[in-house]
Amino acid sequence: MTEPEPFGARLRRAMDTRGPLCVGIDPHASLLTDWGLNDDVAGLERFTRTVVDALADRVAVLKPQSAFFERFGSRGIAVLERAVADAREAGALVLMDAKRGDIGSTMGAYAATYLHRDSPLFSDAVTVSPYLGFGSLRPALDAAVLGGCGVFVLALTSNPEGAEVQRATAAGGRSLAQVMLDHMAAENEGAEPLGSVGAVVGATLGDAGADLAINGPLLAPGIGAQGATPADLPGVFGAAVSNVVPSVSRGVLRHGPDAAGLREAAARFADEVRAAVGAA
Ligand SMILES: O=C(O)c1cc(=O)[nH]c(=O)n1[C@@H]1O[C@H](COP(=O)(O)O)[C@@H](O)[C@H]1O
């Protein structure tokens with residue numbers, strides 16, 4: 001069997017050709033209502049299909065937020081499966097936002113769910129939490145290598161409550177987030193053009209205050225509804241800004257259900273990112 005191309009290489013190419021923007025698919029009940037849809041599986045399906053049809057042929061990454069699909073049970077998961085397949089077919093990389101974290105043996109089952117080629121939810125990458133210990137992620141990290149997939153590890157999240165855990169001082173004087181970032185750097189060592197282990201670092205932080213030189217992608221949620229703007233990116237990420245994948249969910253989704261509205265909103269964010277990052 002031929003080795004799959006590593007996720008980091010696939011992502012770098014997508015960022016270079018499509019621009020680095022990630023759009024999140026977060027079907028909030030309030031958005032379904034705003035779009036004139038019912039808060040039911042049919043509404044979920046219409047919403048998701050509209051976003052995928054409008055954007056999967058142009059943005060680098062689509063990031064479905066699993067929770068909004070899980071709340072509808074198995075029929076919601078079926079919508080999610082279809083969205084993943086359709087988005088990948090149209091050329092977008094799919095980052096499954098599931099934020100999984102558990103002991104290693106259970107992490108193996110999560111890896112089988114999202115990172116094994118024969119799984120119905122097989123995605124290009126998945127978000128995980130390292131706060132059960134970075135080593136607990138090993139089954140996902142190993143599965144990602146085998147599948148040519150990525151793993152995005154929470155480091156410094158966009159929510160203000162994250163700091164009490166992530167900024168806590170760990171043994172050796174580093175922040176806990178920095179300990180995790182250093183693990184990510186070790187995983188990505190020597191990878192070219194970019195490693196496949198990414199860090200999640202909120203665009204809302206003002207200044208990350210951490211060493212972000214992990215040789216991997218840096219997912220930056222928090223743009224739009226949470227108050228950050230693309231202009232904030234150079235301040236947060238400094239020299240690492242060229243590896244940033246800025247992520248927007250509601251800031252784009254609120255411009256639906258019109259496909260042109262969604263595309264224009266994504267294009268506006270992409271232009272603002274280019275202006276901010278190009279100028280950095
Ligand atoms: O992993 C994430 O994507 C994530 C990490 C983080 O630190 N903050 C954060 O907001 N997110 C996710 O990014 C999305 C943000 O949505 P908006 O605030 O609508 O753009 C949600 O799906 C969050 O779960």
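Ligands are counted one by one from 1 in listed order, and the atoms in each one are counted from 1 as well.
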- Item | ligand 1 contact on Val200 by region, counting heavy-atom pairs under 4.0 Å | side chain
- Can Asp124 and Arg88 be counted as an ion pair, charged N to O under 4.0 angstrom? yes
- Polar contact flag for Arg250 and ligand 1 (N/O pairs, less than 3.5 Å): yes
- Task: State whether the shortest distance between N or O atoms of Gln65 and N or O atoms of ligand 1 falls below 3.5 angstrom.
- Result: yes
- Which class fits the ring pair Phe7 and Phe152: parallel under 30°, tilted 30 to 60°, perpendicular over 60°? perpendicular
- Which of the atoms in ligand 1, numbered in the order shown and given with their element, are less than 4.0 Å from a heavy-atom of Thr157? 7 (O)
- Task: Output, in order, the C-alpha distance, side-chain angles, deciding distance and verdict of side-chain contact (heavy atoms from CB on, under 4.5 Å) for Val79 and Arg75.
- Result: CA-CA 7 Å; Val79 174; Arg75 293 170 68 212; 6.0 Å; no
- What residue and heavy atom of the protein are closest to atom 2 (C) of ligand 1, and at what distance? Lys99 NZ, 3.2 Å
- Are the side chain of Ser119 and the backbone N or O of His116 linked by a donor-acceptor pair below 3.5 Å? no
- Heavy-atom nearest neighbour in the protein, as seen from atom 20 (O) of ligand 1, with distance rounded to 0.1 Å: Ser249 N, 3.0 Å
- Does ligand 1 have an atom that lies less than 4.0 angstrom from a heavy atom of Lys63? yes
- Query: Are any of the heavy atoms in Ile223 under 4.0 Å away from ligand 1?
  - Reply: yes
- Query: Does a side-chain N-to-carboxylate-O contact under 4.0 Å join Arg82 and Glu89?
  - Reply: no
- Message: Quick check: closest heavy atoms across Ala185 and Ala213, and the distance to 0.1 Å?
- Response: CB-O, 4.1 Å
- Note on the structure: for atom 21 (C) of ligand 1, nearest protein heavy atom and its distance come out as Asp26 OD2, 3.2 Å
- Nearest non-hydrogen protein atom to atom 9 (C) of ligand 1, with distance, is Ser158 OG, 3.5 Å
- Does Gln226 reach ligand 1 with a nitrogen or oxygen that is under 3.5 Å from one of the ligand's nitrogen or oxygen atoms? yes
- Looking only at protein heavy atoms, which one is nearest to atom 5 (C) of ligand 1, and how far off is it? Pro221 CG, 3.4 Å
- Query: In terms of side-chain heavy atoms, does Gln226 have a donor or acceptor partner in Thr204 at a distance below 3.5 Å?
  - Reply: no
- Item | Phe68 and His28 aromatic centres sub-6.0 Å | yes
